[in-house]
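Each chain gets a letter, A, B and so on, in the order the sequences are listed, and its residues count up from 1. Note that these values count all heavy atoms, side chains included, but never hydrogens, waters or copies made by symmetry.
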Amino acid sequence: MTKQTVDSRPAGPKPWYDPRIRSIFFQFIAIALVFWGGWTLIDNTLSNMESRGISTGFGFLKETAGFGIIMSLVPYDSTMTYGRTFVVGLMNTLLVSAMGIVTATIIGFIVGVARLSSNWLVAKLALVYIEVIRNIPLLLQIFFWYFAVLGSLPSPRQSVEVGGSFFLNNRGLYLPEPITQEGFGLVWGAVLAAIVAVLGLRAWAKKRQLATGRIFPTFKVGVAILVIVPAVAYLAAGAPLEWDLPALKGFNFGGGITIIPELAALWIALSLYTASFIAEIVRSGILSVSKGQTEAAKALGIPNSLTLRLVVIPQAMRVIIPPLTSQYLNLAKNSSLATAIGYPDLVAVFMGTTLNQTGQAVEVVAITMAVYLTISLSISLFMNIYNRAAAIKER
Amino acid sequence: MGNTMTEQTQAPESLNSVPSQKDESSAIIRVEGMNKWYGDFHVLKDLNLDVRHGERIVICGPSGSGKSTFIRCINRLEEHQKGKIIVDNIELTDDIRHIDTVRREVGMVFQHFNLFPHLTVLENCCLSPIWVRKTPRKEAEEAAMEYLTRVKIPDQANKFPGQLSGGQQQRVAIARALCMKPKIMLFDEPTSALDPEMIKEVLDVMIELAGSGMTMICVTHEMGFAKTVADRVIFMDGGEIVEQAPPQEFFSNPREPRTQKFLEQILQH
């Protein structure tokens, strides 16, 4: 458009009246401002740090940390490096985020569907749950679970005990730990074989349904295969598994697996809180499918459960996925509230203790921010791929 | 023809005295003293209707007269509160199994088509035969293609509903209903949402279907269709069946003043 105006006149407008030149000019100014701001920031920081004698660089990651962490998925003790504390914190963050996403999704879908139930009590219970949980700050809920609920459990000596192998007290939930003996490889092999068999069975059942119309009870038979085959292999190998039972040693338990109350409180709070939002997203998704769709399915004699699965959910998913992604991102980022109750996540361990001890603020903050960015972008990427698969069917 | 019932305004016992009525089992749909309320609002008032095998009925009447609600009661998309509806010897009660059985035998075509937008035309047609009738997919697809050919759009089978015109979508909806091989077809204003030039293509399909001996109940304002196809025209107003008669009689010699007024209004143009 602009070009035509320019061409149609013998002499173009003055350069400062030409929209194209104007837009290039303003963009140039904007970029210059950004670079100037960024450079000032970096230069300022570096010169300040230099004047205070703070060394820069990532060398501190190789130094000995010298502090203990109450929970780690990888082997860790205080003689290890700061780099190791980063790994421990990262693993703990990923653990609670992944657990939270799974349970929040399950609870959220159930509550969302329950909210639409024609059963008055079920619908109102779901409504109350949503309205209470999503209107109370998350930090408060984490405190509630940590101090009020889990904190009021009995002391180790008065533990709630099940069969001498499960113990619940205010230090956590103690479970027996399976320790594999020689010959356990056979069981792993059997598990693998069972999975392959079930996948094969599924393919066969689908093919048979398409060919003959008969529906095979894939789920039940699949579960049976998954249980029975490894069980038989386990017995055949001479039960190569020993259990390390937790036992009271002094004031606390030793041995077995421990789920610390910090993890439990954070996990429960994150799941319930995020689930209340997911429930509303699921409800809006289902409501976005017009009533005519369910009526058409009913008129064809399709039972309600199949209607939900074949007609409603596939259409609702397109509405649900984008906001659901946001909730997953929120959950992953909210897991940093772990610091408040001392769950050793990335922020607590790395941005907390490690930062305090080393004083390497810029590096530590940069690494931590980069990690959250990476986690969030990964979730987004994964959900976008899924979204595309669900959305492409429109036309 | 079609004179199986007297006017419903008369007392129910006079039903049995109608001479032309054959044995009761010949009625594929039987509605007796049916009433429906929406809260306090009495939508359907004491309706009686017998439909014979292969009979073609057109229901007309002003908007809000309850005609759509009435045919939606026949496959229980709406619940009635009083009276009986017996379809193909099964009474519609709260029993889900009865409802699903009836729905399998009763096809329905909606004003707004209600095709499943996430499935192709062919998948729309095959969904219920595969999942409800447990037909093998190949068989279901072959049958679907046959019906799509019958409604003259076999070439659109692999497109999505959103890619078709209104008339084409409605013809797919008819094919989808036929794929269940129903004994009865209900049409709820099938041409009301269509552009004028598309109405004819849908009506042609419906006329062809009527010729094949299908039992049909059709709520429509297409009086031309009623004249050519219907065995009986029913006029509803205010939730009541005001008058019913074979089309020649209905259009040339309406007895009730309300019918006369309605016909005057719609036939003026």
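Of the listed residues (Asn75(B), Leu127(B), Ile130(B)), the greatest number of heavy-atom pairs within a distance under 4.5 Å of chain A belongs to Leu127(B). For the set Glu141(B), Glu105(B), Arg176(B), the entry with the most heavy-atom pairs within less than 4.5 Å of chain A is Arg176(B). Ranked by heavy-atom pairs under 4.5 Å with chain A, the first of Arg76(B), Arg104(B), Arg133(B), Lys134(B) is Lys134(B).
Looking at Val132(B), the atoms closer than 4.5 Å to chain A (heavy atoms on both sides) all sit in the side chain, from C-beta outward. Heavy atoms of Leu115(B) lying under 4.5 Å from chain A belong exclusively to its backbone. Proximity to chain A is limited to the side chain of Arg72(B), based on heavy atoms less than 4.5 angstrom apart. Only the side chain of Phe110(B) comes within less than 4.5 Å of a heavy atom in chain A; its backbone stays farther off.
Annotation for Trp188(A): atom CH2 does not count as buried by contact number, only 12 or fewer foreign heavy atoms lying within 6.0 Å. For Ile96(B), the CD1 atom counts as loosely surrounded, since its 6.0 Å shell holds 12 or fewer non-hydrogen atoms of other residues, nucleotides or ligands.
Contact check for Ile302(A) versus Trp131(B): no side-chain heavy atoms found under the 4.5 Å cut-off. The closest side-chain heavy-atom distance from His118(B) to Arg318(A) is below 4.5 Å. Two residues are said to be in side-chain contact when any heavy atoms from C-beta on lie closer than 4.5 Å; Arg103(B) and Leu300(A) fail this criterion.
Contact annotation for residues 269-297 of chain A against chain B (heavy-atom separation below 4.5 Å, listed by residue number): Gly292(A), Gln293(A), Glu295(A), Ala296(A), Ala297(A). Residues of residues 122-138 of chain A having a heavy atom under 4.5 Å from any heavy atom of chain B: none.
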